[in-house]
Amino acid sequence: MSSISQRRPLGLQIFLAAFIVIWLICAAFPFLWTLWGSFKVELDFFSVNDWTDALTGDRTKATHGSAFTAAGYKGAWIQEEFWRNVINTFVVCLFVVTTSLTIGTLGGYALSRSGYKYVFWLLIIALMFRALPQITLVSGYLPVFFDWNIWGFLPTAIIVLVAINQPFTLWMLHSFFESIPKDLDESAKVDGCTQFQAFRHVIIPVMWPGVITTGLFSFLLAYNDFVVTALVLQESNRTMIPAIAAFLGTTQTEGNVMFAVAAVVSATAPLFVMVLFFQRQIVSGLTAGAVKG
Amino acid sequence: MKHRTFFWFFLPTGLAMLVFIAFPIVSVLMQSVFLPHEAVLIETENCGPFGCKVETAIDQEATNKLREAAPLGRFAGLEIYKDRGHLAFSEVGEAWRTTDSLGAFFSELGDLPFYRAMAFTLTYTFVCTPLLIALGFAVAVGVNSLNQRLKGLVIFFSLLPMIVTPLVGSLILFWMIDSRGVLGNFISYLANDPSLSLKASTPLMWISLIIYGIWSSAPFAFVVFYAGLQTVPQDTLESAQIDGATRWQRIRYVVIPHLMPLVTFVALIQLMDNFRVFEPIVGFNAEAHATSLSWIIFNDLSGETQQLSAAATTSVLTILGVAVLLSPVLVRTWRDFKGGH
């Protein structure tokens, strides 16, 4: 876009800038508004009389003596013990990401290094599995989990999430390993390594960028899951997202919507930090599958 | 790589998918054609000082025996598929015979849970997908014209609606469009109707859900198209310009054809994801106005009595729906594959 002939006329430039500003407001404003409102009382956040109440916090001042209050957070984290759900979520995410990457890396590497026809079919089957709504599988799990008495526990949810995650992980890692020259491990094999030794000593040291990107998406899948965790976990083992859904059922009647608002903001914060640090990896991960075909 | 080595490398992930994806599909299929055994009831006459009473009780022994003899339940064939909660053949036939216009027929269909959910799921899928592709493309063109420093910041904020948990994102929007929330206030001010509530109106609820769908998925289209824009061949653009193509013509005849494979990719992913729409319905508390296939399954599975057979049947129908959606892609891939060998 350096040459003068390609420079845009002023009118178009202004139009594009205005469009981007409107898009930014749509994308970011809801989050900022909810963050701001989470420190108010319910009558300010949901104001019948005047929407500016949420900005000035008149009723918050009247109730708590200051325009900001952490009452919602206190109620959610201490009274409703949201911290338990937070711990559960991070346990689930940690194990899902590590397990899923370990077995996914082996599988994805094998798919990229084998030239046989079945590789194509395995990838197509994985694509079909990826297309299935997860909830259709859950109705298949439940009777078996009840029979075996493994319903309700964190490890059950972790194994299910790992399996559901595999098709996507395989596709992503397959296309990533394709981009690592085959000569690398071939020459290691010529020097007398077995396939696994070649993988261990030659591929593992150079695979981290792709593995980290895939790991981010596995983390997102586990963190954002509602369907599996809501139906497979019992109440005491709930992760954050089903806990928030449960808040809605119980707290709205008690007039404590602010607990749910505070919990929602708490659940968004880690994602915010993640995008902040890993923006480049997320963008490259989203485009990897697309640009390579 | 040798078959044997491949086998060992692929075994863990293959096993995970076999046990937790392939078997459950079979299990869902089986459940959808079997009904659970009804408990065997026995009537006993209890005579006391105040006369005789007939009591019915569950014969545990006989029930257990029945369950052991046929652990899958009793075979129902396609009975569950045909009942009122699913394809409702007799109700549909009835409606077809008794109504005299197509409009009346469809409104009769709208009272049957499966068709109601299907109507919303399909509308959501086929309205959201093209609109989010268009919005994503527009944002990508806009961001591409910004200077380097602003780009990072804009991309950061643009990613948020997509990255955030669907349930959380829909709750955040729902609280804003609540009649007491900031957007709800603004909309009723615009419409000059203080009593306007999005929650009370079915068309408005559908529109809100679709706007949520576009809002949450447009960033994905944006990121993919933005990456595609970086690879547009500059030579072609310049020669088009020398030949006198206007700015719009360059976008229409150079940029869009270059991005076409990416549009197919985004459309494929988004059709799959929008077809499973579920969380926004929970977040918007919208089940009175809009239900989806996934929502029906969830509703059957949660709650006091789990209706496993009903859920399994809806699951099979959903899987068939996904297969129909995916079939053009699969057929094309199959042709490419055959052409390549």
Side-chain angles (χ1 to χ4, degrees), chain A residues 5 8 16 19-20 23-24 26-28 30-31 33-34 46-48 51 54 103-104 106-107 109-110 113-114 120 124 128-129 131-133 135-144 160 162-163 166 170 195 220 224 226-227 231 241 244-245 264 267-268 271 275 279 282-283 286-287 290-291, chain B residues 1 5-6 9-10 12-13 16-17 20-21 24-25 27-28 139 142-143 145 154-161 163-168 171-173 176 178 180-182 185 215 220 223-224 227 241 262 265 272 276 278-279 282 294 297-298 301-302 308 311-312 315 318-319 322 326 333 337:
Chain A
S5 61
R8 291 170 177 79
L16 281 176
F19 177 71
I20 291 301
W23 162 248
L24 273 186
C26 292
F31 296 102
W33 178 262
T34 310
F46 294 104
S47 176
V48 188
W51 66 274
I103 65 176
L106 291 172
Y109 172 72
R113 292 299 186 261
S114 170
F120 170 82
I124 288 295
M128 290 195 277
F129 285 168
L132 289 182
I135 191 146
T136 56
L137 300 174
V138 176
S139 39
Y141 300 140
L142 289 185
V144 184
V160 168
V162 166
Q166 281 311 297
L170 280 182
Q195 188 81 45
L220 276 178
N224 287 346
F226 173 55
V227 168
L231 289 172
I241 305 303
I244 290 175
V264 156
T268 316
L271 295 177
V275 182
Q279 182 177 333
I282 293 173
V283 170
L286 285 177
T287 52
V291 179
Chain B
M1 193 185 267
T5 334
F6 180 85
F9 267 93
F10 197 76
T13 172
M17 288 196 289
F20 287 97
I21 303 181
I25 297 176
S27 150
V28 163
V139 175
V143 171
S145 73
V154 175
I155 294 176
F156 171 75
F157 283 110
S158 303
L159 282 177
L160 289 179
I163 293 292
V164 82
T165 315
L167 185 74
V168 164
L171 279 174
I172 286 178
L173 284 200
M176 289 176 72
D178 187 282
R180 299 164 299 154
V182 60
N185 258 324
W215 178 76
F220 172 66
V223 169
V224 172
Q241 199 177 4
L262 298 186
F265 167 78
M272 296 189 316
R276 59 172 80 154
F278 167 62
E279 280 101 336
V282 176
S294 299
I297 303 173
F298 185 84
L301 287 179
S302 55
L308 290 173
S315 299
T318 311
I319 293 174
V322 172
L326 261 186
T333 324
F337 177 71

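Here is how names work: the chains are called A, B, and so on, in the same order as the sequence lines, proteins then strands, and each is numbered from 1.
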Q: With a 4.5 angstrom heavy-atom cut-off, which part of A:Val275 approaches chain B: side chain, backbone, both or neither?
A: both
Q: Does any heavy atom of chain B fall under 4.5 Å from the side chain of A:Ile135, the backbone, both, or neither of them?
A: both
Q: Where is the tightest heavy-atom contact between A:Ala163 and B:Met17, given as atom of each residue plus distance?
A: O-CG, 4.3 Å
Q: Which atom pair, heavy atoms only, marks the closest approach of A:Pro30 to A:Cys26?
A: CD-O, 3.3 Å
Q: Where is the tightest heavy-atom contact between A:Ala131 and B:Met272, given as atom of each residue plus distance?
A: CB-SD, 3.2 Å
Q: Between B:Val322 and chain A, with a heavy-atom cut-off of 4.5 Å, which part of the residue counts as in contact: side chain, backbone, both or neither?
A: side chain
Q: Looking at A:Leu137 and B:Ile21, what are the two nearest heavy atoms and their distance?
A: CD2-O, 3.7 Å
Q: Between B:Thr13 (side chain) and B:Phe10 (backbone), is there a donor-acceptor pair under 3.5 Å?
A: no
Q: Give the member of A:Val283, A:Val227, A:Ile244 that has the highest number of heavy-atom pairs under 4.5 Å with chain B.
A: A:Val283
Q: Please determine, among A:Thr34, A:Thr136, A:Val144, the option with the most heavy-atom pairs under 4.5 Å with chain B.
A: A:Thr136
Q: A:Leu142 versus chain B, heavy atoms under 4.5 Å apart: side chain, backbone, both or neither?
A: side chain
Q: Grab the two heavy atoms, one from B:Arg180 and one from B:Asn185, that are nearest each other, plus how far apart they are.
A: O-ND2, 3.8 Å
Q: Can you name the side chain to side chain contact (heavy atoms under 4.5 Å, CB included) partners of A:Pro143, sequence neighbours left out?
A: B:Gln31, B:Leu308
Q: For the backbone of B:Phe20 and the side chain of A:Tyr141, can you confirm whether one donor and one acceptor N or O come within less than 3.5 Å of each other?
A: yes
Q: Check whether B:Leu167 gets within reach of chain A through its side chain, its backbone, both or neither, counting any heavy atom under 4.5 Å.
A: side chain
Q: Which answer fits B:Phe298, side chain, backbone, both or neither, if we ask what part of it has an atom under 4.5 Å from a heavy atom of chain A?
A: both
Q: With a 4.5 angstrom heavy-atom cut-off, could you sort out which part of A:Leu16 is near chain B: side chain, backbone, both or neither?
A: side chain
Q: Tell me, side chain or backbone of A:Ile20 under 4.5 Å from chain B's heavy atoms, or both, or neither?
A: side chain
Q: Let's test your reading of the structure: which of B:Ile172, B:Ile319, B:Val28 forms the most heavy-atom pairs below 4.5 Å with chain A?
A: B:Ile172
Q: Is A:Ser114 close to chain B through its backbone or its side chain, or both, or neither, when contacts mean heavy atoms under 4.5 Å?
A: both
Q: In terms of heavy-atom pairs under 4.5 Å, which option from B:Val282, B:Leu173, B:Val154 contacts chain A the most?
A: B:Val154
Q: Determine the option with the most heavy-atom pairs under 4.5 angstrom with chain A, choosing from B:Ala311, B:Pro166, B:Pro24.
A: B:Pro24
Q: Can you tell which part of A:Phe120 gets under 4.5 Å to a heavy atom of chain B, answering side chain, backbone, both or neither?
A: side chain
Q: Can you name the side chain to side chain contact (heavy atoms under 4.5 Å, CB included) partners of B:Thr5, sequence neighbours left out?
A: A:Gln195, B:Met1, B:Lys2, B:Phe9
Q: Could you state the interatomic distance from CG (A:Leu220) to CD1 (A:Ile282), rounded to the nearest 0.5 Å?
A: 6.0 Å
Q: Side chain, backbone, both or neither: which part of B:Leu160 has a non-hydrogen atom closer than 4.5 Å to chain A?
A: both
Q: Quick check for you: among A:Val138, A:Val162, A:Leu170, which has the greatest number of heavy-atom pairs under 4.5 Å with chain B?
A: A:Leu170
Q: Is A:Leu132 close to chain B through its backbone or its side chain, or both, or neither, when contacts mean heavy atoms under 4.5 Å?
A: both
Q: Report yes or no: does A:Asn224 contribute a side-chain atom to a donor-acceptor pair with the main-chain N or O of B:Ile163 at less than 3.5 Å?
A: yes
Q: Under a 3.5 Å distance rule, please check whether B:Trp215 uses its side chain to pair with a backbone N or O of B:Pro161 as donor and acceptor.
A: no
Q: Heavy atoms only, distances under 4.5 angstrom: which of A:Ala110, A:Ala267, A:Ala28 has the most pairs with chain B? Name it, please.
A: A:Ala110
Q: Looking at chain B, which one of A:Leu231, A:Ile124, A:Val160, A:Thr268 has the largest number of heavy-atom pairs inside 4.5 Å, strictly under?
A: A:Leu231
Q: Determine the option with the most heavy-atom pairs under 4.5 angstrom with chain A, choosing from B:Leu171, B:Val164, B:Val168.
A: B:Val164
Q: Is it the side chain or the backbone of B:Leu301 that comes within 4.5 Å of chain A heavy atoms, both, or neither?
A: both
Q: Please state whether the rings of B:Phe265 and B:Phe220 are parallel, tilted or perpendicular, taking 30° and 60° as the class boundaries.
A: tilted
Q: Can you say whether B:Leu326 sits under 4.5 Å from chain A via the side chain, the backbone, both, or neither, judging by heavy atoms?
A: side chain
